[in-house]
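Below is one structure, written out as structure tokens; comments come after it.
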Amino acid sequence: MYKALTIAGSDSGGGAGIQADLKTFQELEVFGMSALTAVTAQNTLGVHGVYPMTVEAVSQQIKAIGEDMGTDAIKTGMLFNAEIIEAVSELLVTYQWKNVVVDPVMIAKGGASLLQQDAISALKKYLLPRALVITPNIPEAEVLTGMSIRTVHDKREAAMRLFDLGVKNIVLKGGHDEDPSESVDLLFDGKEFYTFSSKRISTKNTHGTGCTFSAAITAWLAKGLSVLEAVTKSKDFIQAAIEVEIKIGHGHGPTNHWAYRKRNKVLIDS
Ligand SMILES: Nc1ncnc2c1ncn2[C@@H]1O[C@H](COP(=O)(O)OP(=O)(O)OP(=O)(O)O)[C@@H](O)[C@H]1O
Ligand SMILES: Cc1ncc(CO)c(N)n1
């Protein structure tokens, strides 16, 4: 039995956040657990409200899991403020959790802020040095590195700067790239660069792509795969989830979390 914990915000619309993470864990036959950092009132059209949990509530949820069930891998998503980031970082040390995937969620697709501005430095100082993998999109990597990212050379430079902050593996996602034909993600492990390219799908239903992709990486790490293997499989998972479209809501709809399983019935067990 493999277990994974997500520490993230709730998306009432079910496409991103905790909901996307738990659905992805379930699809990959990993037992999913959660610690909520905030509740968002959200649908495919946007974020209508953000209601953060107290730092005590977040810590108590994580401790409840740490003291009883344990976990094989963890992912963090929306953390909202510096206090929560510091508490989560300390608990990662307390329980010596090593398979830590940090998705540095900052802004929802419609522009709503999911991380307070003054929490960026806490993220860099406390959480990133404890991450096995970080999965920023291009705007998030720009904020974390203070550089603008346009070219392949920029992407490599940004990944190296993030490595210097103590992150062991950087997955720089290409969803926000200008390239109309491909969506290219870059992995840097401190030595080598690996490129993961897929056909860019023309769709507006990309709500929660980042959450789903990093949750899949977390699930496969929980099952004992290497970072390279986990990222390779997760790229296929997210490609299927975007490609096999489901149409829900009037705006940016969710991805299809069961598409990969239906397509690859036998491939889930690594
Ligand atoms: N239109 C697309 N076609 C194919 N792959 C895509 C597309 N959009 C995003 N992806 C892939 O989805 C994954 C997530 O990338 P993206 O940059 O969109 O994350 P994100 O901005 O954090 O997502 P979100 O904020 O919606 O959760 C990456 O593997 C990326 O290559
Ligand atoms: C709760 C939550 N976490 C993450 C994202 C980013 O997609 C979102 N829109 N909502």
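Numbering starts at 1 and runs along the sequence shown. Values below: all heavy atoms of this structure, side chains included; hydrogens, waters and symmetry mates excluded.
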Pairing of Glu178 and Arg200 as salt bridge, 4.0 angstrom limit
no
Could you give all pairs that pass the ring-ring contact (aromatic ring centres under 6.0 Å, His included) test and reach residues 221-250, with sequence neighbours left out?
Phe237-Tyr260
All N/O donor-acceptor pairs, side-chain side in residues 157-172, below 3.5 Å, sequence neighbours left out:
from   : atom 1 : to     : atom 2 : distance (Å)
Glu157 : OE2    : Arg161 : NE     : 3.1
Arg161 : NH1    : Thr145 : O      : 3.2
Asn169 : ND2    : Leu132 : O      : 3.0

Those residues that, when tested against Asp177, pass side chain to side chain donor-acceptor pair (under 3.5 Å) (two or more places apart)
Lys155
Here the pair of heavy atoms bringing Gln239 nearest to Lys199 is NE2-O, 2.9 Å
Using the side-chain hydrogen bond (donor to acceptor under 3.5 Å, both in side chains) rule, collect all pairs that involve residues 33-52, keeping only residues at least two apart or in two chains.
Thr40-Gln42, Asn43-His48
Kindly indicate, with the supporting measurements, whether the criterion side chain to side chain contact (heavy atoms under 4.5 Å, CB included) is fulfilled by Val227 and Asp189.
CA-CA 9 Å; Val227 172; Asp189 64 3; over 6 Å; no
For residues 106-125, run the donor-acceptor check on the side chains, cut-off 3.5 Å, and write out each pair with its distance to 0.1 Å, sequence neighbours left out.
from   : atom 1 : to     : atom 2 : distance (Å)
Lys109 : NZ     : Thr206 : O      : 2.8
Ser113 : OG     : Leu115 : O      : 2.9
Lys124 : NZ     : Leu144 : O      : 3.1

Mind checking whether Thr24 and Leu28 have side chains closer than 4.5 Å, heavy atoms only?
yes
Can you name the ring-ring contact (aromatic ring centres under 6.0 Å, His included) partners of Tyr194, sequence neighbours left out?
none
Quick note, side-chain hydrogen bond (donor to acceptor under 3.5 Å, both in side chains) partners involving residues 73-87, not counting sequence neighbours, are Asp21-Lys75, Lys75-Ser214
ring-ring contact (aromatic ring centres under 6.0 Å, His included) against Phe193, all qualifying residues, sequence neighbours excluded
Phe188
Just distance, no hydrogens or angles: give the donor-acceptor pairs under 3.5 Å from side chains in residues 87-97, sequence neighbours left out.
from  : atom 1 : to    : atom 2 : distance (Å)
Ser89 : OG     : Ile85 : O      : 2.6
Thr94 : OG1    : Glu90 : O      : 3.0
Tyr95 : OH     : Glu67 : OE2    : 3.3

Between Asp103 and Lys173, does any side-chain N to carboxylate O distance fall below 4.0 Å?
yes
Indicate yes or no for a side-chain donor-acceptor contact from Asn99 to the backbone of Ala73 under 3.5 Å, with no hydrogens or angles considered.
no
Would a 4.5 Å heavy-atom cut-off, applied to side chains only, mark Leu187 and Phe196 as touching?
yes
Would you say that Glu243 contacts Arg263 through its side chain, given a criterion of any heavy-atom pair below 4.5 Å between the two side chains?
yes
CD1 (Ile201) and OG (Ser183) are apart, to the nearest 0.5 Å, by 8.5 Å
Ser181: what forms a side chain to side chain donor-acceptor pair (under 3.5 Å) with it, not counting sequence neighbours?
Asp179
Check: Tyr2 main-chain N/O paired with Asp72 side-chain donor or acceptor under 3.5 Å:
no
Side chain to side chain contact (heavy atoms under 4.5 Å, CB included) evaluation trace for Ile7 with Leu79:
CA-CA 8 Å; Ile7 305 172; Leu79 294 172; 4.0 Å; yes
Thinking salt bridges, do Glu142 and Arg150 make one under a 4.0 Å N-O criterion?
yes
Mind jotting down which residue pairs meet the salt bridge (Lys or Arg N to Asp or Glu O under 4.0 Å) criterion with at least one end in residues 205-215? Sequence neighbours excluded, please.
none
Is it the case that the side chain of Gln61 and the backbone of Leu36 share a donor-acceptor pair, with hydrogens and angles ignored and the cut-off at 3.5 Å?
yes
With a 3.5 Å distance limit and no angle check, can you tell me whether Thr71 reaches the backbone of Ile74 through a side-chain donor-acceptor pair?
no
Just verifying a value: how many Å separate Ile242 CD1 and Ser202 OG, rounded to the nearest 0.5 Å?
11.5 Å
Using the ring-ring contact (aromatic ring centres under 6.0 Å, His included) criterion, which residues pair with Phe213? Sequence neighbours excluded.
none
